[in-house]
Amino acid sequence: MPDRPPQRLLETPSWLLTQIAATAGRRSREVFDSLGAGRYHYAILCAVEEFGPCGQVEIGSRLNMDRKDVAQRVLELEEQQCLRRRPDPADPRRNLVRITARGRDRLDQIHARLTVAQNELLEPLTPQERTSLITALQKILGR
């Protein structure tokens, strides 16, 4: 008897996505742990770098993160001098979060290591298949 899941499961997209997500999550955690970072740190740095100075509510909305998680991770990144919060000139009651030079370096460091892990995960696919997979996943996610 071959050591594989039942065929019915192998034809079930949600089961396949769950299995792949578990493997991808494990590999990503290994990268984050080795760098003393976390997936939320990376996501927040990506958002602030791409979208520029923004409020924590906007960050949470873009990343589908709980406000408390955003606040905690922004504080941690600020303590590491990767982000800086300053009052919004348009609304002094609100802070804008900005990425620092150290934050950009940190983002590049994490991204480089994650890219290696992603390439290992997708190694069985051709470049065209990788592009098609990413496009299909983005479509499913609704982006």
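Quick note: numbers below take in every heavy atom, side chains included, and nothing from hydrogens, waters or symmetry partners. Because the structure is a prediction, the values reported are computed rather than measured.
Looking at E76 and Q80, their side chains never bring a donor and an acceptor atom within 3.5 Å of each other. Between the side chains of S28 and R39, no donor-acceptor pair is found at a separation under 3.5 Å.
In terms of heavy atoms, H41 sits closest to R73 at NE2-CD, 3.7 Å. When all heavy atoms of R106 and G36 are compared, the pair lying nearest together is NH2-O, 3.3 Å. In terms of heavy atoms, P87 sits closest to P92 at CB-O, 4.4 Å. Minimum interatomic distance between G60 and V70 (heavy atoms only, all atoms of both residues): CA-CG2, 3.6 Å. The two residues P5 and W15 come nearest to each other via the heavy atoms CG-CH2, 3.4 Å.
For R104, the CZ atom sits in a packed shell: over 12 heavy atoms of surrounding residues, nucleotides or ligands are nearer than 6.0 Å. Within 6.0 Å of CZ in R98 there are more than 12 heavy atoms belonging to other residues, nucleotides or ligands. Atom CD of Q7 is surrounded by more than 12 heavy atoms from other residues, nucleotides or ligands within 6.0 Å.
By the criterion of side-chain heavy atoms lying less than 4.5 angstrom apart, applied directly or through intervening Ile, Leu, Val, Met, Phe, Trp or Tyr residues, I110 is grouped together with M65 in one hydrophobic cluster. No single ILVMFWY cluster, assembled from side-chain heavy atoms under 4.5 Å apart, contains both L121 and L114.
Atoms CG and CD, from D66 and Q72 in turn, are 11.5 Å apart once rounded to the nearest 0.5 Å. To the nearest 0.5 angstrom, L122 atom CG is 10.0 Å from T131 atom OG1. From N64, atom CG reaches atom CG of L141 across 9.0 Å, with rounding to the nearest 0.5 Å. The CG atom of L35 sits 12.0 Å away from atom CD of E30, with the distance rounded to the nearest 0.5 Å. Taken from CZ in R102 to CG in L83, the straight-line distance is 12.0 Å, to the nearest 0.5 Å.
Between N119 and R130 the shortest side-chain heavy-atom distance falls below 4.5 Å. The side-chain heavy atoms of Q56 and N95, taken from C-beta on, include no pair separated by under 4.5 Å. Looking only at side-chain heavy atoms (C-beta outward), L96 and P89 come within less than 4.5 Å of each other.
Between R62 and E58 a salt bridge is recorded (basic side-chain N to carboxylate O distance below 4.0 Å).
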Please step through side chain to side chain contact (heavy atoms under 4.5 Å, CB included) for the pair L17 and L137, ending with a clear verdict. CA-CA 10 Å; L17 287 169; L137 291 172; 3.8 Å; yes
Before giving the answer on side chain to side chain contact (heavy atoms under 4.5 Å, CB included), spell out for R27 and T23 the whole-Å C-alpha distance, their side-chain angles and the decisive distance to 0.1 Å. CA-CA 6 Å; R27 289 184 182 195; T23 300; 4.0 Å; yes
What side-chain donor-acceptor pairs closer than 3.5 Å can you find for residues 42-55, not counting sequence neighbours?
| residue | atom | partner | partner atom | Å |
| --- | --- | --- | --- | --- |
| Y42 | OH | H111 | ND1 | 2.8 |

